[in-house]
Amino acid sequence: MNSDMEHHNVVIIGGGNAGLSVAGRLRRYGADDIVVIEPRNTHYYQPMFSHVAGGTAPSRIATRPQASVIPRGVRWIRATVHTIDPDAKTVTLTNGSQISYGQLVVGAGIQMDWSAVPGLADAMETPAGISNYELAYAQKASKTLRDIRSGTVVFTQPAGPATCSGAAQKPMYLACDDWRATGVLDDITVILVVPTRTLFGMPLIDKELERKVTEYGIEVHYGSELVEVDAGSQTIAIAATPVQPGSDLAEQSDPLAPRTHLHYDVLHAVPPQSAPDWLAATTLADPASPGGFVEVDAATLRHPRYPDVWALGDAAATTNSKSGGALRQQTFVLAKNLVAALKGKSLPKAYNGYSVCPFTVSRSTVVLSEFDDRYRPKPSIPFWKGLAREHRFTWVADRYVLPWVYWNLILRGRA
């Protein structure tokens with residue numbers, strides 16, 4: 001190792017939810033000399049983007065200066081990673097400098113592949129293109145969905161790995177409830193395109209969502225995905241979602257099926273997603289993961305080929321559905337295991353695949369889905385069997401309680 005090279009005991013790539021919350025936990029558990037590498041100067045609470053897009057929250061509460069949320073005792077390096085050499089145990093930055101590490105945690109998040117669908121990137125730059133997956137598009141969505149009084153509004157959900165994929169539906173329900181309250185819902189054709197054969201994949205949750213879809217009169221195209229957009233004519237093409245051999249959707253999907261073309265007045269799109277290109281190009285990527293995500297043991301979150309490398313959140317090739325709720329358990333497991341590894345002890349914790357998706361099905365109620373990596377119910381309050389049903393209580397938790405918990409506890413490694 002170059003004697004002039006900067007070295008740290010723990011290097012964390014990514015200053016989002018994953019990176020900061022695990023950094024905070026590591027400090028609490030006694031680890032020191034921790035640095036977080038993050039290029040952005042603004043920190044985003046992404047679950048709030050759906051509320052911004054749906055008009056139930058102002059955008060200012062979804063952001064804070066990055067410097068203000070760095071855990072105490074953790075150093076922030078504002079830089080962009082170029083690559084990782086896990087054999088040399090170095091991280092190379094885009095400015096050419098290198099940092100060596102004792103332990104590396106990859107929490108680099110996920111990449112929005114807007115250009116993966118022909119015409120989608122161009123459509124997003126028109127007044128009719130909106131989304132809840134980037135703050136600027138969510139801000140545009142708030143006004144666009146509020147002001148439309150007639151026409152066709154299409155919402156699309158991508159196939160493949162995505163961060164909280166069910167979030168694609170949230171602004172739709174919020175908008176429908178608003179349109180119904182203002183008396184224009186009957187004049188708006190609402191279309192939802194989902195890649196699966198049900199709205200979510202759990203019978204109880206599907207039943208709740210199907211009830212809301214019927215209530216709002218939403219037209220659903222199941223087993224389909226967005227494949228092309230023509231921004232000039234404001235039309236999209238959808239086709240049957242290709243599936244892997246052996247999938248339970250195999251008999252439902254036909255990749256050779258003809259395309260269906262739909263006109264839109266507003267298109268709310270969520271792009272295909274993958275690991276950042278630079279990360280997918282490293283030897284850390286899971287050869288079995290088409291998205292280029294970091295290979296990890298799904299229970300310990302440790303890399304099976306590089307024992308001094310760990311990954312969590314959207315960047316990790318875990319089997320669970322990617323979400324902030326999943327991260328709350330992953331940060332605990334990873335931090336406990338990493339500290340044990342530093343002491344030469346066996347790894348004490350295992351991640352159980354838990355994830356959560358709160359569906360904002362109206363402007364005052366939420367359907368809360370808690371589940372494991374096989375989409376089996378995994379309620380956090382086992383004795384409350386009705387928690388997954390539409391409730392005002394879970395709306396209050398999602399809209400008001402969880403944001404406070406995020407800014408004040410989660411990012412400090414305390415929740």
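If you read the sequence from its start, that first residue is 1, and numbering goes on from there.
- Note on residues 63-81: pairs passing salt bridge (charged side-chain N to carboxylate O under 4.0 Å, His left out), not counting sequence neighbours, are Glu6-Arg75.
- When every heavy atom of Leu199 is checked against every heavy atom of Asp206, the shortest pair comes out as N-OD1, 3.5 Å.
- Across all their heavy atoms, Ala108 and Leu279 have their closest contact at CB-CD2, 4.4 Å.
- Listed by first and then second residue, the ring-ring contact (aromatic ring centres under 6.0 Å, His included) pairs involving residues 194-217 are Phe200-Phe359, Phe200-Phe371, Phe200-Tyr375 (not counting sequence neighbours).
- Nearest heavy-atom pair across Tyr264 and Ala128 is CE1-CB, 3.9 Å.
- In terms of heavy atoms, Ala340 sits closest to Pro348 at CB-CD, 3.7 Å.
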* Asked: Could you walk me through whether Phe155 and His268 pass the ring-ring contact (aromatic ring centres under 6.0 Å, His included) check?
  -> CA-CA 5 Å; Phe155 294 81; His268 180 287; 5.1 Å; yes

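- The salt bridge (charged side-chain N to carboxylate O under 4.0 Å, His left out) analysis of residues 312-341, with sequence neighbours excluded, yields no pairs.
- Of the possible donor and acceptor atoms, none in the side chain of Tyr44 sits under 3.5 Å from a partner among the backbone N and O of Pro47.
- The residues Arg211 and Glu208 are annotated as salt-bridged, a charged nitrogen and a carboxylate oxygen being separated by less than 4.0 angstrom.
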* Before giving the answer on ring-ring contact (aromatic ring centres under 6.0 Å, His included), spell out for Trp114 and Tyr137 the whole-Å C-alpha distance, their side-chain angles and the decisive distance to 0.1 Å. => CA-CA 12 Å; Trp114 294 101; Tyr137 294 151; 5.3 Å; yes

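- Under 4.0 Å is where a charged nitrogen must lie from a carboxylate oxygen, and between Asp308 and Lys89 at least one such pair does.
- Two rings, from Tyr406 and His43, have their centers less than 6.0 Å apart.
- Of the listed residues (Asn320, Thr319, Thr318), just one forms a side-chain hydrogen bond (donor to acceptor under 3.5 Å, both in side chains) with Asp373, and that residue is Thr319.
- Heavy atoms of other residues, nucleotides or ligands lying less than 6.0 angstrom from CZ of Arg149 number more than 12.
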